[in-house]
Amino acid sequence: MPKADVLDNIFDKFLKGPTIFKNHEVLHPDYVPDYLPHRDKEVQTIGKILAPALRGYRGSNVFIYGKTGTGKTAVVRYTLDHLIRKSREIGAPIDSCYINCRLAGTDYRVLSNLCETVGIVVPFTGLATGEVFDRFRNTLEAKKIALITILDEIDALIKAHGDVLLYKLTRINENLKGSKVLLIGISNDLHFKEFLDPRVLSSLSEEEIVFHPYTAVELKDILSERAEMAFIEGSVSEGALHLCSALAASEHGDARRALDLLRVAGELAEREGASKVTEDHIKFAQKKIEEDRVAEVLKTLPLHSKLVLFSVYLMAKSKTEGVTTGDVFEVYKELCSRLMLDPLTQRRVSGLVNELDGVGILNARLVSLGRYGRTKRIHLGIPPESISEIYTSDPWVGQLMNYVLKCIQKQKK
DNA sequence: CGTCCACAGGAATGACGGGCGG
DNA sequence: CCGCCCGTCATTCCTGTGGACG
């Protein structure tokens, strides 16, 4: 059979076969639904804070904390959408601007985003940030509007570039007569306050809202709601939903995670031609998401981190309990000499171990061996099979590793 | 009870590369 | 376009430390 026919078959099967998705899109992370279960209180609170803008008062700046997947962004966007709609109805001069600070990356790009919303174009680069700020302020002043600015993931920007911009923004109203700016800061980091200048903090957190993680029960409501929209009726088992919400709840009540899980499970089910998403699909999806994450991290690891990881891997085979920093460093040095590479210092390797621990690929625990010193006890944090990712992701390193393995085996014999 | 191991991890400093601002 | 500055990664030097051993 010619190739094209085989493909046609696959496509036809896909098109005609029993699909279980009705609307795939509603499971994607940036979809904002018409109703946000279990966030009524937050929606109302933010609504009350923003409402004065409809009458031309400034209202308060708001600072929102909460871990990932607790609905911060969704609630703010939802509330703001409604506010803007209302303002159009009654003709109130309100505009809004949503900026993800982490994606924007620098002060300059945040500002250029702001400029865009007030309708002026600034060059990619070339202007001093102060100049861009002035242009923004002047244009805003001329437009005579209330601008509600959402600064999402603001902690990322502050940690990277300091709070100069934020300070300027919080004080911008002092120099404005016709217009006003209302700031909504969103942070994933609960300890973010400590990074801020007290003046900025007091101005920004005139109102503070903390978003608590969803409980398993709440997650289930969210999932049921979304599943109803996303899937054809009856194609998701009750057990699957239950498991899905339980899994996400155990991971700090992350709704995004739960929705991801459901989406991937649905895709898996559809691909294998199943008519129903089952608990097994969820379990499989959980595994797949984790594997993808690990593979992604391994792929992007710097060379010496790979070597450190590989050292731990080699030793984990023989020693089941406890590899120390010193052990790892010795093996690592040996690897380097075989590969004709300059080894890093022990200090650095110790740091790399900590970094690998941070992303969950290694488990490093500080222990004291009394008379025999203090060190870290290091284990693999992932299944050893995953290490093969290193081979596949980086052929050069893979070849070297194979070479090293052969040398070691020869020595043993 | 003091010693001393085998590191942890902070601070200062240097090399390098890339983007900002003039 | 170029110099400068800033962030990242790494090194060097350093002080700190929990607890088994003698």
Side-chain angles (χ1 to χ4, degrees), chain A residues 99-116 120-137 153-168 189 191-192 194-195 296-312 315-316 319 321-337 339-379 381 390 394 396-397:
Chain A
I99 301 172
N100 184 311
C101 298
R102 191 174 50 80
L103 294 181
T106 65
D107 288 0
Y108 190 92
R109 268 178 286 194
V110 170
L111 273 170
S112 89
N113 262 322
L114 283 170
C115 286
E116 212 173 288
I120 53 174
V121 182
V122 290
F124 273 107
T125 174
L127 294 177
T129 29
E131 166 68 17
V132 180
F133 187 81
D134 288 343
R135 286 194 195 181
F136 167 65
R137 193 182 52 208
E153 303 197 52
I154 196 171
D155 44 326
L157 186 72
I158 302 300
K159 281 176 192 162
H161 299 281
D163 55 7
V164 182
L165 177 67
L166 201 54
Y167 179 68
K168 280 181 147 187
D189 184 351
H191 305 290
F192 170 59
E194 295 155 23
F195 291 89
E296 186 55 36
V297 172
L298 288 183
K299 217 181 289 175
T300 54
L301 233 40
L303 173 60
H304 284 277
S305 295
K306 283 180 181 168
L307 290 173
V308 169
L309 176 60
F310 199 65
S311 307
V312 177
M315 297 174 79
K319 284 189 184 179
E321 270 309 311
V323 178
T324 68
T325 307
D327 296 338
V328 172
F329 185 59
E330 284 308 312
V331 174
Y332 161 81
K333 263 199 306 196
E334 181 62 22
L335 281 182
C336 282
S337 81
L339 300 177
M340 318 251 275
L341 292 166
D342 290 337
L344 302 176
T345 55
Q346 178 161 346
R347 176 71 186 88
R348 184 62 190 133
V349 169
S350 168
L352 289 179
V353 168
N354 283 344
E355 284 170 26
L356 290 170
D357 178 54
V359 291
I361 291 183
L362 291 181
N363 294 321
R365 186 162 56 94
L366 195 61
V367 291
S368 176
L369 275 30
R371 183 65 245 278
Y372 306 104
R374 255 154 69 86
T375 183
K376 278 193 286 254
R377 180 142 288 165
I378 304 159
H379 305 275
I390 289 182
D394 191 337
W396 186 73
V397 174

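All values below come from the heavy atoms of this structure, side chains included, with hydrogens, waters and symmetry mates left out. By convention in this document, chain letters (A, B, ...) are assigned in the order of the sequence lines, proteins followed by strands, and residues within each chain are numbered from 1.
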Expected string for nucleotides 12-18 of chain B under the B/S/- scheme (protein heavy atoms, under 4.0 Å, primed atoms plus P, OP1, OP2 as sugar-phosphate) is -------
What are the residues of residues 349-360 of chain A, sorted by number, that bring a heavy atom to within less than 4.0 Å of DNA chain B?
A:Ser350, A:Asn354
Using a cut-off of less than 4.0 Å, is there contact between a side-chain N or O of A:Thr325 and OP1 or OP2 of B:dC7?
no
Got A:Val353 and A:Val308 here, is their nearest side-chain heavy-atom distance under 4.5 Å?
yes
Return a single string for nucleotides 13-18 of chain C, one symbol per nucleotide in 5' to 3' order, where B is base contact, S is sugar-phosphate-only contact and - is none, cutoff 4.0 angstrom on heavy atoms.
----BB
Ignoring hydrogens and geometry, is there a side-chain-to-backbone donor-acceptor pair from A:Asn113 to A:Ile99 under 3.5 Å?
no
Contact between A:Ser311 and A:Leu335 at the side-chain level, heavy atoms closer than 4.5 Å - yes or no?
yes
On a heavy-atom basis, the closest approach of A:Lys299 and A:Lys306 is O-NZ, 3.9 Å
Determine: side-chain N/O of A:Thr324 to OP1/OP2 of B:dC7, distance under 4.0 Å, yes or no.
yes
Using whole Å, report how far CZ of A:Arg365 lies from P of B:dA8.
14 Å
I'd like to know if the side chain of A:Lys376 pairs up with that of A:Thr324 as donor and acceptor (distance under 3.5 Å, no hydrogens or angles considered).
no
In this structure, how many angstroms lie between the C1' atom of C:dG19 and the CZ atom of A:Arg377, rounded?
14 Å
Between OG1 on residue A:Thr375 and CG on residue A:Leu366, distance to nearest 0.5 Å
8.0 Å
Would you say the side chain of A:Val312 lies within less than 4.5 Å of the side chain of A:Val331, judging by non-hydrogen atoms?
no
Separation of C:dC9 C1' from A:Gln346 CD (nearest whole Å)
18 Å
Note, A:Leu309 side chain near A:Leu298 side chain (heavy atom, < 4.5 Å):
yes
Least distance between heavy atoms, A:Phe329 atom then A:Thr345 atom
CE1-C, 3.7 Å
For B:dA8 and A:Lys376 - does any side-chain N or O of the residue sit under 4.0 Å from the phosphate oxygens OP1/OP2?
yes
Between A:Tyr332 and A:Leu344 (side chain of the first, backbone of the second, donor and acceptor by atom type, cut-off under 3.5 Å), is there such a pair?
yes
Would you kindly give the CG-to-C1' distance between A:Leu366 and B:dC7, to the nearest whole Å?
9 Å
What one should report as the nearest heavy-atom pair of A:Asp327 and A:Met315 is CB-CE, 3.1 Å
